[in-house]
Participant: 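Following this message is one structure expressed as structure tokens.
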Amino acid sequence: MAPGVVATQTPAVANESMLALASVVADWDDTIRFYLNGTKVELDSIDPEVTLLEYLRGIGLTGTKLGCAEGGCGACTVVVSQYNPTTKKIYHASVNACLAPLISVDGKHVITVEGIGNTKKPHPVQERIAKMHGSQCGFCTPGIVMSLYALVRNNPEPTAHDVEEAFDGNLCRCTGYRPILDAAQTFSTSSSCAKNGACNSPSDGGCCMQGPDGKPPVGCCKNKTDGAEPPLTKKFTPPGFIEYNPDTELIFPSSLRKYQYKPLAFGNKRKRWLRPTTLKQLLQIKAALPSAKIIGGSSETQIEIKFKAMQYTISVYVGDIPELRGFSFEDDYLSIGGNITLTDLEGVSIQAIQKYGSVRGQPFKAILKQLEYFAGRQIRNVGTPAGNLATASPISDLNPVFLATNSTVVAKSLEKTTEIPMAEFFKGYRTTALPPDAVIAEIRVPVAKKEGEYIRAYKQSKRKDDDIAIVTSALRISLREGLVESVNLAYGGMAPTTVQAKKAMEYLVGKRWGDSEALEGAMNAMENDFPLSYGVPGGMAVYRKSLAFGFFYRFWHDTVAEMDGASTESEDLLSEIKRDISSGQRDHDVAMAYKQRVLGQTREHVAALKQVTGEAQYTDDIPRATSELYGALVLSTKAHAKLLSVDPSPALGLPGVVAYVDHKDLPSAESNWWGAPMCDEVFFAVDEVFTAGQPIGMILAESQQAAAAGVRAVKIEYEELPAIFTIEEAVEHQSFFQHYRYIRRGEPINEAMKKVDHVFSGVSRIGGQEHFYLETQAVVIIPKPEDGEMEVWSSTQNPTETQTYIAQVTGVQANKVVVKVKRLGGGFGGKETRSVQLAAITAVAAKKMKRPVRCMLNRDEDIATSGMRHPFLGHWKVGVMNNGKIVALDADVFCNAGWSQDLSAAVSDRALSHIDNCYNIPNVDVRGRPCKTNTVSNTAFRGFGGPQGMFICESFMEEIADQLNIPVDKLREINYYHEGDTTHFNQKLVDYHVPMIVAQIKSEADFDKRRAAVDEFNKTHKWKKRGLSLIPTKFGISFTALFLNQAGALVHIYHDGSVLVAHGGTEMGQGLHTKMTMVAAEALGVPMEDVFISETATNTVANTSSTAASASSDLNGYAIFNACEQLNERLKPYRKKFGPNAKMKDLAHAAYFDRVNLSANGHYKTPDIGYTWGPNTGLMYFYFTQGAAVAEVEIDTLTGDWSCLRVDVKMDIGRSINPAIDYGQIEGAFIQGQGLFTTEEALWLRNNGNIFTKGPGAYKIPGFRDIPQVFNVSFLKDVEWKNLQTIQRSKGVGEPPLFMGSSVFFAIRDALKAARKEHGCDEVLSLISPATPERIRLSCADDIIKRSYVEPKEGEKAWFVQI
């Protein structure tokens, strides 16, 4: 992504103002000077719109990745070392390069992943993450490496708590985080405040600054003062690893220590950057041009530019003005510079608590608490309090603290200084009382009174770390002789601005604090303060009101308890949930019984070192060709509409825009149609669009910026048509695809139901899930000058289908198209078919222009157009006997396919085949229909309908157990399948070990003992509840489409004994190439290091199946083995001649001179399988991967917050080819499943039908601090797999563990049952997935949630559509 040409346009600012500004900056410098990986750089010709990330990638440092462009995933993390004017020390700041303007690095040292090590000489951070299996797909890895690097550079002896929090700005979709944390903890000391409990303050649940003298307790992670901690024990460097020596790090350049910052001014007519270095210079700019955009951390501005197309003609970077980054301790207040970074504000707040003491330092405890979960470290390293105030976000974490503490904003202009009380600062949505020509120079935060004043801060979000608030608050009460003298109840998330609950405040003044009547009166008054409507913007009206009430309720009882020394409520109300340092165990002896020379050994991913050093190449890392163009999709913004006109001419008139491509550029109208297996979808919309995000055309330009500008300029006229979004709407309108399947066995279902003691019915719902692979869809198309040939580099799981459709849209035979895949930055099914769309459209563009074309989707584009996991709805009826035996199941199962069928039929089919999970139900009648809606076309996702079917099953198991009043584990035990039983699709279960796995995991996880402990905890705690759940699984392995169960391979042996392997599978982090390398090495008797897999390509292995269905190791492994058998047969005479220990080099050399073919094609097809729908005959799956998981959670019923305390997983995966790879797959799949069932909620905007959750800001995959606090994983061992006919007798492992994540969901449900019982609710709970904090809170049935209920007015609907 090289920096591009920027259009020159008429300036948007009046000439008079520009002339005045020009006089201010006339003598300013126009050259940026900085160091990059130890080398000095000077830039005097700078594109003002280029970010640091775009610059780095443009010069070839492609290790730094683009994952989201909004600072939410951390893939772009680099380290910027600088002299910090606040602390007067060198600080190595991890920052998001995707947000950082290039001007921000002047006078600093930028360090990228390439700068700290390489594969020949890796940095210890890189080596440990690689060798401890912390990198799978590798796309997120460079950012994670740099976050850890920043930590050890700033603190070579971090505590375990420091390490755990170092990654709060990074996301990973593959690993489940456990191995990354294990690698990182090798740098930590053994002392950690989270382990010794110092952080667990009952009064605010926040920072541990609670010592009576105002100093941090011994062992606290924040305590860095001399003598305050016992000596820390440094962990030993693991054997075989490079010792970390801080003295060998890149030095901070001496010239930067004495660097004289000069004011900077550069740019063009479209945009100019200014960088003043003094406050006076800044005020002169504001006086000349009040509209100039002030930028500190750029964390919001760059998002506005990228996603909202905001244009700021003059931007002023203020991060290098020392006067705005200072602080001072005054007698009655702390003064902080407006532009002090939030990281520095943490340190200053700690100092303030130490100076003013614990009581008077309460405001700073509140600030610290809010900063603990404020975005990620990368954002806190650049974000500022002035930025929080000036942007006036209604959900700011800090602004309520400033408001509640009666802070003062000091605004300075060239003419005067104005003090603005916080109560007068916010005027409306995103508007403030800041004068246009002024800046926020200072914020004065008063200290608390010596007695009688209490301040607390609270926040609730969808995910604990790195998430914006749903509701945030800071509450302050000042008492005199027990009566309320003054009160501030400040809230964010309850109105268009940060607001106070004024009616409640007015009521409380003069009331006795602690009087129950006063509490009730205040809650009543607060109802009038926050009259949220059902359709309130942002949604969640009931939940938001309950949080406002809940925060106040907790504050009331917390402060009363502190006043009186005892609480009038259950003490568990007072504290919030806090995590311990996470840990986990693996059984490393699992393969001892069957280890071979190579197979069964634990080996790191073959590309791990390349990935941690940034050397691994992904599609968008391919160097740009000379004449290459950038493509950008023109997407529909309507859910369903006629296309009245599409006019690209305004775009074609923009500088840098070269062409527009649409359906008219195809060889025929028929070639526009595609789909798998039904061709019911078009590449380009023609007369009608059926979903928001449907491609209409593509703009081609010389740069990405120009292409994006071109897309925005295309004029499209629509005539909107009625749209269907939800499954319920589709069923009502009978909007289905033609596909209809059923599975029936046993008696006719109505007859079977007549013979049971109980018939229970219900509805189970599960939402969709965005793939959120860190690398978005990407392709590079290189047309060749002869015969219509094309070379295609695509991030796809399906090279053959990509080849087929590119040939179709370019009008050539498939043999003219070569599709290549080096590796994918994650796939999970999302690149099985949906990658074809982008590749084919881009190929049309490349053919038209006869030039290479590149396209990598932005995150929002990817989510809008690439589909997700299918939402499901199941209507079920179950017949049960009094003893708990389930006799009959009758179910209608619907999935939301979206606007085209894609793979929805097969997804629906697999849901039907997994709706039994592990239970033997003799009479079954289940039916499946894919629903046609006007949402993005949903597609394959890890599990492929299986998890949804099993979820429906486990939901009715839970509800039936509640109806029968028996433990659900007993109900499961009564109904388990056993060896030799037959499934509802008439497949006999062989090598079936689920009952054994369940028995083992119950013993190893102390299930019965913990069940009793959970029950006892729930008896003694009113507001915190715990839940425990054990969930089994069996997952069928095979493509349900018979023809896909085949694979090919090509193996070459060269003169020097090295081996080149090609197979049909793609590497996307699952370790397929690693396993295939091991198979070949074992089969040929060579070292693993002598085997190489370069890429996947359609000209080496033809007619490949997609890499999916957890079958790729089985299929490709046997194909490689088959090829190696052929070669071994040819080499047999030479092994006999040279002896059994002869090296391959000698064998190959001799064979070559005897004219022996040293290349072999291998092929494999799965035997025996072939199921027929309807008659219900034939073998559907080759085998089943099985497992069970036990999860324990704790929920805070006042807020819906929760934490997973412990998870134990045990899987039967046969004989593992590589235990490390398989453990990584299990952990990663489990956490992805946990996300599916808890945090990952997809939402659509009702007003326009567009998806709302299209980036990490709104869509929440689990983060580092969401994983189980204890995460233990083991394999079933010491059993025989007599009937397993796979390579090494291994089993597919990619998909099966994902459903185990539902154990967390059902543990939450278990906790909710206890919560509801606490408040007298015995109604059976039907819990919708995902169990978000909102759903958890709304299910608790207490009085606070009841008083929060919002009645929808006639015709009023919720802000969001939950699909």
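One-based numbering along the sequence shown.
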Participant: How close do Ile1287 and Gly1117 get, heavy atom to heavy atom, and via which atoms?
Facilitator: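 For Ile1287 and Gly1117, the tightest heavy-atom pair comes out as CD1-O, 3.9 Å.
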Participant: Does any part of the side chain of His984, heavy atoms only, come nearer than 4.5 Å to the side chain of Ile915, both counted from C-beta?
Facilitator: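 Ile915 reaches His984 side chain to side chain.
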Participant: Side-chain contact test, heavy atoms from C-beta onward, threshold under 4.5 Å: evaluate it for Phe1305 versus Glu954 and give yes or no.
Facilitator: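 The answer is no; the side chains never approach within 4.5 Å.
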Participant: Less than 4.5 Å apart, side chain to side chain, heavy atoms only: is that true for Tyr919 and Leu971?
Facilitator: no
Participant: Is Glu1241 close to Arg1335 at the side-chain level, that is, under 4.5 Å between some pair of heavy atoms?
Facilitator: yes
Participant: Any idea how Phe941 and His771 line up, ring-wise: parallel (<30°), tilted (30 to 60°), or perpendicular (>60°)?
Facilitator: parallel
Participant: Could you tell me whether the side chain of Asp1208 reaches within less than 4.5 Å of the side chain of Arg1010, counting heavy atoms only?
Facilitator: yes
Participant: Ring-plane angle category for Phe1299 and Phe1237, please: parallel below 30°, perpendicular beyond 60°, tilted otherwise.
Facilitator: perpendicular
Participant: Angle between ring planes, Phe1184 versus Tyr1181, binned at 30° and 60°: parallel, tilted or perpendicular?
Facilitator: perpendicular
Participant: With Tyr1223, which of Phe1271, Phe1275, Phe1230 fulfils ring pair (Phe, Tyr, Trp, His ring centres under 6.0 Å)?
Facilitator: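 Among Phe1271, Phe1275, Phe1230, the one that satisfies the ring pair (Phe, Tyr, Trp, His ring centres under 6.0 Å) with Tyr1223 is Phe1275.
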Participant: Validate the cation-pi geometry between Arg910 and Phe944: distance from NZ or CZ to the six-membered ring centre under 6.0 Å, angle to the ring axis within 45°.
Facilitator: no
Participant: Are Arg869 and Asn938 close enough that some pair of their side-chain heavy atoms sits under 4.5 Å apart?
Facilitator: no
